[in-house]
Structures are given as structure tokens and as C-alpha cells.
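Atoms within a ligand are numbered from 1 in the order they appear, just like the ligands themselves. What you see below is based on every heavy atom in this structure, not just the backbone, and it leaves out hydrogens, waters and symmetry mates. Being a predicted model, the structure only gives us computed values, none of them experimental.
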Amino acid sequence: MENIIPKPVSLEPGNGFFTLATGANINISPGSSELQSLGQYLADRLNPATGFGINIIPAGGALIPGDIYLSIDEGDPALGEEGYELTITPEQVTLRAYQPAGLFRGVQTIRQLLPAAIEGASPAQELWVIPSGNIRDYPRFAWRGAMLDVSRHFFGVIDVKRYIDLLAYYRMNRLHLHLSDDQGWRIMINAWPKLAQHGGSTEVGGGAGGYYTQTEYADLVAYAQSRYITIVPEIDMPSHTNAALASYPELNCNDIAPALYTGIEVGFSSLCVNKEITYRFIEDVVKELAALTPGPYLHIGGDEAHSTNKSDYKRFIERIQPIVAAHGKQMIGWEEIAQADLVPDTIVQHWFNDGAQKAASQGNKVIMSPASKAYLDMKYDDSSPLGLNWAGNINLQDGYTWDPVKILGEAPENAVLGVEAPLWSETLQTVADVEYMAFPRLPGIAEIGWSQVNGRAWDEYKLRLAAHGPRLEAMGVNFYRAPDVLWEK
Ligand code: NGO
């Protein structure tokens with residue numbers, strides 16, 4: 001019971017065990033289609049390894065021994081959107097929440113309380129027991145995210161769905177997709193089809209690249225939604241735009257399209273900020289992307305505009321802000337955007353300078369992704385075969401032992417919306433590469449985002465993490481077996 005990640009707010013062990021056995025059902029109340037899907041999600045996690053064929057039924061009057069109960073009836077509003085209460089007795093497993101999202105987070109805790117073999121893909125010989133006890137749990141921060149760079153190397157729908165499932169297991173709730181950069185444009189925009197067709201046709205190292213059709217993107221969004229994860233799309237501008245500039249000559253100040261780019265330098269490209277067509281282009285892109293994105297956020301990048309002068313940059317950001325708002329979205333940008341005059345609801349993402357601190361002092365909300373702690377693409381140590389090291393190496397302890405509200409200096413703590421772990425893919429070509437860099441650092445970031453700061457310590461966390469080795473193995477995750485953790489077998 002002690003090995004849950006992220007660590008729950010409160011946990012009281014009880015006496016005895018609940019045993020999941022053949023014939024068990026998942027009872028839902030109310031019997032809505034949303035809870036039916038949620039129950040099915042849990043059954044789909046339990047059925048392969050147990051072979052039980054667990055079904056979903058609407059909860060009746062008397063409690064059935066051996067069953068699991070998921071309920072939002074008379075849920076406690078104090079649990080908030082994502083909190084839950086889990087009671088395990090030898091007779092039943094009862095999960096209650098105020099909202100379905102809370103049930104979904106609690107379902108992850110049920111998974112983690114079962115033996116690690118529950119994550120296996122085929123029936124295993126195991127006694128499927130859950131220790132008795134009570135858990136009451138809710139997140140510290142509203143924003144617990146990961147970012148995947150699908151531009152430097154392209155990752156298809158199946159790969160992204162797998163990443164979504166792993167985020168869900170650690171109760172994260174945002175996936176930021178870095179959909180465009182110098183090396184590739186990864187989403188079809190019908191008004192400007194060459195962005196994807198030409199701008200998406202390669203990647204770092206010269207491989208074939210790729211892009212999501214709008215149908216594929218919508219499928220990803222829906223898949224994430226079924227895991228109560230919000231997709232945050234990013235189109236980077238005015239820099240990191242070579243793929244777009246290469247696709248349409250008119251976006252360049254000199255009307256000449258540059259060649260596609262497959263290296264890893266940053267900051268050399270810029271949209272032509274003094275041409276009106278640039279803003280028509282952005283208007284079209286934002287319009288289509290906003291229509292495809294049910295989540296409230298749209299990220300416009302804004303980082304490292306080294307080839308745009310400061311006053312042009314400022315005017316540019318101030319012109320983009322109302323475009324995003326006009327399409328009903330809340331704008332997010334990397335912290336460089338704090339040089340511009342921001343409207344109060346623009347969110348600023350910290351990575352490497354003091355822009356977020358300035359924005360927070362002015363009343364804007366910030367997301368914390370400090371490069372030296374939260375960048376999953378930094379090497380673990382000098383011997384890491386993948387990754388970059390411009391922000392230093394980040395071993396597991398460095399990646400775990402920081403507090404998002406302590407990074408901002410004098411800025412108010414309540415400005416911090418939460419945390420996000422970016423994974424830039426300059427050096428990552430396959431899902432195995434992605435997993436190797438994300439695991440096991442990502443669960444640490446998930447815990448920083450979810451768990452209360454009191455009671456968190458590396459020495460205790462690393463024991464819990466050790467117990468996740470067999471779970472990650474059962475899921476087939478290619479994780480880095482860091483030598484500072486005594487991985488359980
Ligand atoms: C920087 C840069 C990205 C790189 C990344 C590599 C930001 C916000 N912009 O982070 O283009 O891929 O570092 O670590």
C-alpha cells in the first residue's frame with residue numbers, strides 16, 4: 001500500500017485483504033454512459049492479466065461481496081474535480097469521487113495496489129489481492145503536464161496514445177504537443193496544405209517525418225479526453241518556423257523559401273513580422289487548430305526568437321494574443337513572451353530565464369518547466385547514450401527534489417498553475433528512446449505536481465520508485481534502470 005506514485009494525501013492501512021476473483025463485477029453509479037466507459041477502462045486494465053472477463057453493471061441496493069464500486073453519487077465537493085476516496089475492505093473496493101475525473105485518477109491507484117503482474121498483457125498465475133485501507137487524495141496543482149516534441153522527430157498516433165496511457169497511470173492531466181518547429185510541421189491545416197505536405201516531409205537527421213491528418217489529431221484528442229487528459233497544441237512562432245517558411249515563399253521577407261532543415265540549431269528562423277500575410281496565415285492556423293481542440297488552451301511558442309528584433313517581437317506577440325482570444329482559446333507561451341504586454345489570462349511557461357517571474361509578479365499564471373530540473377531530454381549523467389546536456393545532467397534525485405513554488409523568487413506562490421515536463425526529441429527517434437528518457441523521471445514530476453510538499457523526500461520516494469520497476473516492466477516500458485535505485489525484481 002505504501003508504494004503509490006504520486007503519493008496520496010492520506011492513507012490509512014486496514015486489516016486483511018480484498019481478493020479480486022472470477023465473477024467479480026464493476027458496479028457503477030449512476031449508470032451513465034460516462035461511468036460505463038470509465039468502468040470499462042478499468043475492466044480493460046484488469047481482464048488481460050486476470051483472465052476474469054469482469055463486467056460493468058449498474059449498482060443495485062445491497063452490496064455484493066467481491067465487487068468493485070465506482071460512484072459519484074453524493075460525492076464530496078471538497079475532493080474537487082480530480083480528488084477521490086478509496087475504501088478497501090475484505091468485502092469490497094469502493095471508489096468515490098465528486099467528478100468522473102476523480103474516479104479516473106482513483107482507478108490508477110487501484111491498479112497500483114494490485115500486484116505488478118496486473119499490467120501484463122496475458123493471463124498470469126497470481127493471487128489478485130489488494131490490502132485493506134482508506135485513501136483520501138487530491139492534487140496539489142491543477143496543471144500536471146508533459147510535453148512531447150513531435151517536430152524534431154515525428155511520433156505517430158499509436159506512439160502518442162501509448163505516451164498518454166503512461167501519463168494517465170501517474171495521474172497527469174495535460175499533454176502539450178509541440179506540433180511545429182524548424183524541422184517539421186506536423187498537423188494538416190487545410191487552408192495551407194503544404195505546411196504538412198512539404199514542411200512535414202522530413203525530420204532531424206533527414207528521415208521521412210510525417211504529420212497528423214485532422215482526423216488523426218481529433219482521434220488523439222478524444223483518446224486523451226477518455227483519460228481525462230487535455231491536449232495543449234503548440235504552433236511555435238515567430239521563430240522555430242523554418243518548416244513553414246520552406247513551404248510558402250510568401251511568408252519570408254525576401255519571398256524566397258529556404259530549404260527544409262534537418263539539423264538541431266535553434267533560433268535562426270523567423271516569420272516575416274512586418275508582412276500582413278503572416279497574420280492571415282496565423283489567423284488561418286489558429287482558427288483550424290482551435291476548432292479541432294476542445295481544450296481551452298493554445299500554445300504559441302514564442303521562445304528563442306534570436307533573429308527577430310525586440311520591438312518587432314513585442315509587437316508580434318501583442319498582435320497574436322487577440323487572435324488566439326478571438327478563437328476562444330487561452331494563450332500560452334514560453335516565458336520570452338513576458339517581454340510583451342500580456343492580458344491577464346495569458347499563461348507563461350518558465351524554462352530558462354526570468355520571464356515567468358516577471359509575468360507572475362504582474363498577475364499572470366505560470367507553468368513551471370525549469371530546464372535544469374524538468375527537461376526530460378537532458379542526459380541522466382555523462383554516460384547517457386541519448387539526450388542533450390546544455391542545462392546540465394539531471395539524475396533522478398535532481399529531477400525529483402524541487403518545489404515549483406520555490407523557483408520564482410519574489411513572485412506570489414499562487415501564480416503557479418503547476419508543472420510540466422518537456423521532452424524535446426532532437427536525439428530521440430523511437431518510442432523506446434522516448435521511454436528511456438521519460439522513465440523513470442516522469443513519475444517524479446507527476447508526484448511534484450500531485451503530492452503535498454510535506455512528507456516528500458528522496459530517500460522515501462526512491463523506495464516507492466523501486467517497486468515500480470516490475471510495473472514498468474510488465475507494461476513493456478523501456479526505462480532507465482538508474483543505479484541509485486534498488487529496483488525490485
Ligand atoms: C529549448 C528550446 C527547444 C530545444 C530545447 C532542447 C525551449 C523552450 N526552446 O527549450 O527548441 O529543443 O531547449 O532542450
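Short contacts between ligand 1 and D377, defined as distances under 4.0 Å to a heavy atom of the residue, involve ligand atoms 6 (C), 14 (O). Within ligand 1, the atoms closer than 4.0 Å to a non-hydrogen atom of W334 are 8 (C), numbered from 1 in the order shown. If you number the atoms of ligand 1 from 1 as listed, the ones under 4.0 Å from a heavy atom of V266 come out as 11 (O). Of all atoms in ligand 1, numbered sequentially from 1 with element shown, those under 4.0 Å from a heavy atom of M378 are 14 (O). When each atom of ligand 1 is checked for a heavy atom of H240 under 4.0 Å away, the hits are 11 (O).
Residue-to-ligand polar distances keep D181 apart from ligand 1: every N/O pair is separated by 3.5 Å or more. Checked against a 3.5 angstrom limit, the closest N/O atoms of W351 and ligand 1 fall outside it.
Between F104 and Y41, the ring-plane angle classifies as tilted under the 30° and 60° cut-offs. Under the 30°/60° scheme for interplanar angles, the aromatic rings of Y248 and W192 are found to stand perpendicular. The aromatic rings of H468 and Y170 sit tilted relative to each other, their planes meeting at an angle between 30° and 60°. Ring orientation note: the planes of W185 and F281 are tilted relative to one another, at an angle of 30° to 60°. Ring geometry, W424 versus H178: the interplanar angle exceeds 60°, so the pair is classed perpendicular (tilted spans 30 to 60°).
Judged by the 6.0 Å and 45° rule, R481 forms a cation-pi pair with F479.
For atom 11 (O) of ligand 1, the closest heavy atom belonging to the protein is R152 NH2, 2.9 Å. When hydrogens are left out, the protein atom nearest atom 10 (O) of ligand 1 is Y375 OH, 2.7 Å; that is the closest non-hydrogen contact. The protein atom (non-hydrogen) at minimum distance from atom 9 (N) of ligand 1 is D303 OD2, 2.7 Å. Of the protein's non-hydrogen atoms, E304 OE1, 3.1 Å is the one closest to atom 2 (C) of ligand 1. Shortest contact from atom 12 (O) of ligand 1 to any protein heavy atom: E426 OE2, 2.6 Å.
In L388, the part holding a heavy atom less than 4.0 Å from any atom of ligand 1 is the side chain.
Y84 has its ring centre no less than 6.0 Å from the ring centre of Y138. Taking the ring centroids of Y212 and F155, they lie at or beyond the 6.0 Å cut-off.
With hydrogens and angles disregarded, a donor-acceptor distance shorter than 3.5 Å links the side chain of T430 to the backbone of D433.
Remark: distances from the non-hydrogen atoms of Q349 to ligand 1 are all 4.0 Å or more. Residue contact check for ligand 1: W390 places a non-hydrogen atom closer than 4.0 Å to it.
For R464 and E460, the salt-bridge test passes: some basic side-chain N is under 4.0 Å from an acidic carboxylate O.
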